[in-house]
Amino acid sequence: MANFSKSNVPQFSVEVYQNAFLPEGGREVNAIVTVTSTGGGTTGGIPLAGSTPSPAYGPGQGPAAAVVLMVDCSGSMDYPPTKMRNARDATAAAIDALREGTRFAVVAGTHVAKDVYPGNGRLAVADQQTKGQAKDALRKLSAGGGTAIGTWLRLADRLLGAAEVDIRHGILLTDGRNEHEAPEDLRAALDSCAGRFTCDARGVGTDWEVKEVTGIAAALLGTADIVADPAGLAADFTRMMENAMGKEVADVALRLWTPVGVEIRFVKQVAPTVADLTGRRTEAGPRAGDYPTGSWGDESRDYHVCVLVPEAGIGQEMLAARVSLILPDPSGAGAPQTLSQGLVRAVWTDDMVASTSINPQVAHYTGQAELAQVIQQGLDARKSGDFDGATAKLGRAVQLASASGNQDTAKLLSKVVDVVDAATGTVRLKAKVAEADEMTLETRSTKTVRVKK
């Protein structure tokens, strides 16, 4: 494990958990890489005890940040009328949580996007006066029109791109399906925004499409969730904004270097949620590639790296991969900074006990990734009328959730199936399931629990 730090950047550490031993002819190497960021100076915008603020910012402030709040103002937000009111109140609560000096804007989203505050393609600087003005603008929002989320994201990108800041973040709220633009238009918008800002997405009520909202969050390295009861929006928006204000450094990449002959099978984030990063690799020199991780505050995440090494004889040893955390030079002119580093090894042995034992972290997260997959497959089967398939998949999900101690997911599953025996995964599909319960399970299916170390 190695640590590197410089002023105004949190200290990062990398720990690698694996069973390095392979049998003769063995090729697959699995490792869980735990990345921890500490001492950035703020958590949720509040200075850590004993921390020294950056001289570039005022006391108690973190790095310069810009946030755009995108509020669904389509016609469906008027049904019931309390939904629009709750959305206005939630956005106001998020504005209250903005750190002084943060650049921000509010976008009203329908089949077009309009920056309703401060307007004219600008960002406001958060202080008591501008926060009050923004909340006044919110009170004038009314529902009407369609839904074209790609236009909201593109406007947010233009607004955020004009700001000279370290952290760029969006918060997006929708209550309906993206019916007023083609799916490829939303995909193109996400592709153009990826890597430019992070975005948390929330679906309110039950008339929105889970795969759309989770897809937005996945593409923009943010969180996704359901707020089934609009009354819960204000508390959720406050938490989201506090989390955004706690971010200290953006654009950290997980760099994987592999020797000649090593193939990368996959790279996945596995905690706090499952997210496959394999297809998001950008080349970073000979045999090296970068995988985006987004913005970091004081937090810890786990990644599963799986590679195939060339066959070797008993007693031989090799470096299977080197994992580094990379911070690019903001100007683009200098060399990137290596924040931390860890090594993945392969050792061939004829000791059957050593080569067949599975590392506890690898086993745990392999199960968590399968849990997310079988929940999705089970719900899809249920929707298509394949009740036997749904019962089998959701039964396996119950078994995995029980075995790994994922109690939150187990509770959500129990609202969709009657659990006969959790240990064996014996379940019966419930005859009637509330739409909000099914959507909550689907939206939160990728949330994982950390392995007990």
Side-chain angles (χ1 to χ4, degrees), residues 45 63-74 87 90-95 97-99 102-110 112-119 121-126 134 137-138 141 147-175 178 181 185-204 208 212-225 227 233 236-247 249-251 275 292-297:
V67 181
V68 172
L69 296 121
M70 292 161 271
V71 187
D72 192 337
C73 293
S74 62
T91 309
I95 288 168
L98 281 166
R99 187 172 57 227
T102 301
R103 282 75 165 167
F104 77 103
V106 179
V107 167
T110 58
V112 293
K114 184 180 180 186
D115 50 331
V116 293
Y117 183 82
R122 297 175 296 116
L123 293 168
V125 178
L138 286 174
L141 293 184
T147 305
I149 295 173
T151 66
W152 315 356
L153 293 166
R154 288 185 186 276
L155 176 54
D157 185 31
R158 288 197 297 275
L159 292 166
L160 292 167
E164 292 187 12
V165 293
D166 302 299
I167 307 291
R168 294 177 178 84
H169 190 71
I171 290 177
L172 185 149
L173 172 73
T174 183
D175 83 319
N178 198 45
E181 66 181 354
D185 291 337
L186 175 57
R187 172 46 55 194
L190 288 170
D191 288 344
S192 70
C193 294
R196 292 175 56 79
F197 67 95
T198 53
C199 185
D200 295 322
R202 294 294 184 267
V204 61
W208 48 281
E212 281 179 357
V213 169
T214 55
I216 291 165
L220 302 181
L221 300 174
T223 64
D225 208 350
V227 186
L233 275 174
D236 185 68
F237 265 47
T238 301
R239 281 193 301 273
M240 268 196 294
M241 186 61 81
E242 287 174 347
N243 185 55
M245 293 295 95
K247 298 300 184 184
V249 59
D251 302 326
T293 69
S295 302
W296 287 75

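The model shown is predicted, which means the values in this text are computed figures rather than measured ones.
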* **With T214 via side chain to side chain contact (heavy atoms under 4.5 Å, CB included) - residues at least two apart** => V210, A224, T443
* **Spatial distance of atom CZ (R103) from atom CG (L159) [nearest 0.5 Å]** => 14.0 Å
* Set of residues satisfying side-chain hydrogen bond (donor to acceptor under 3.5 Å, both in side chains) with respect to T102, sequence neighbours excluded -> none
* So, do V71 and V116 sit near enough that their side-chain heavy atoms are less than 4.5 Å apart? -> no
* **Validation row: K114, C73 side chains within 4.5 angstrom (heavy atoms)** => no
* Evaluate the criterion side chain to side chain contact (heavy atoms under 4.5 Å, CB included) for residue pair F237 and I95; output intermediate values, then yes/no. => CA-CA 9 Å; F237 265 47; I95 288 168; over 6 Å; no
* Interatomic distance, D157 atom CG to R168 atom CZ [nearest 0.5 angstrom] -> 9.5 Å
* Partners of N178 by side-chain hydrogen bond (donor to acceptor under 3.5 Å, both in side chains), sequence neighbours excluded? -> E181
* Could I get the full list of side-chain hydrogen bond (donor to acceptor under 3.5 Å, both in side chains) partners for T293, not counting sequence neighbours? => W296
* To do: Looking only at non-hydrogen atoms, find the nearest pair between W208 and D225 and report the distance.
  => CH2-O, 4.3 Å
* Structure fact -> Applying salt bridge (Lys or Arg N to Asp or Glu O under 4.0 Å) to R154 and not counting sequence neighbours gives none
* Could you check if a side-chain atom of R196 sits within less than 4.5 angstrom of a side-chain atom of L160, using non-hydrogen atoms only? => no
* Looking at residues at least two apart in the chain, or sitting in another chain, which of them share a side-chain hydrogen bond (donor to acceptor under 3.5 Å, both in side chains) with T174? -> D72
* **Student check: side-chain heavy atoms of K247 and D166 closer than 4.5 Å** => no
* To do: Write down the atom of F104, the atom of P118, and the distance for their closest heavy-atom approach.
  => O-CD, 3.8 Å
* **Atom pair OG (S295) and CD1 (I167), whose distance is rounded to the nearest 0.5 Å** => 4.5 Å
* Asked: At what distance, to the nearest 0.5 angstrom, does OG1 of T223 lie from CG of D200?
  -> 3.5 Å
* **Sole residue of M245, H169, R202 in side chain to side chain contact (heavy atoms under 4.5 Å, CB included) with M240** => R202
* Between CG of L173 and CG of L69, what distance do you get to the nearest 0.5 Å? -> 10.0 Å
* V249 side chain reached by P63 side chain, heavy atoms, under 4.5 Å -> no
* To do: Determine the minimum heavy-atom distance between V68 and A156, stating which atoms define it.
  => CG1-CB, 3.9 Å
* Structure fact -> In this structure, CG of L186 is separated from CG of D191 (nearest 0.5 Å) by 9.5 Å
* Shortest non-hydrogen contact from G215 toward L190 -> O-CD1, 4.3 Å
* To do: List the atom of A113, the atom of T151, and the distance in Å for their closest heavy-atom pair.
  => CB-O, 3.5 Å
* Asked: Which atom names give the shortest non-hydrogen contact between F197 and G170, and what distance separates them?
  -> CD1-N, 4.0 Å
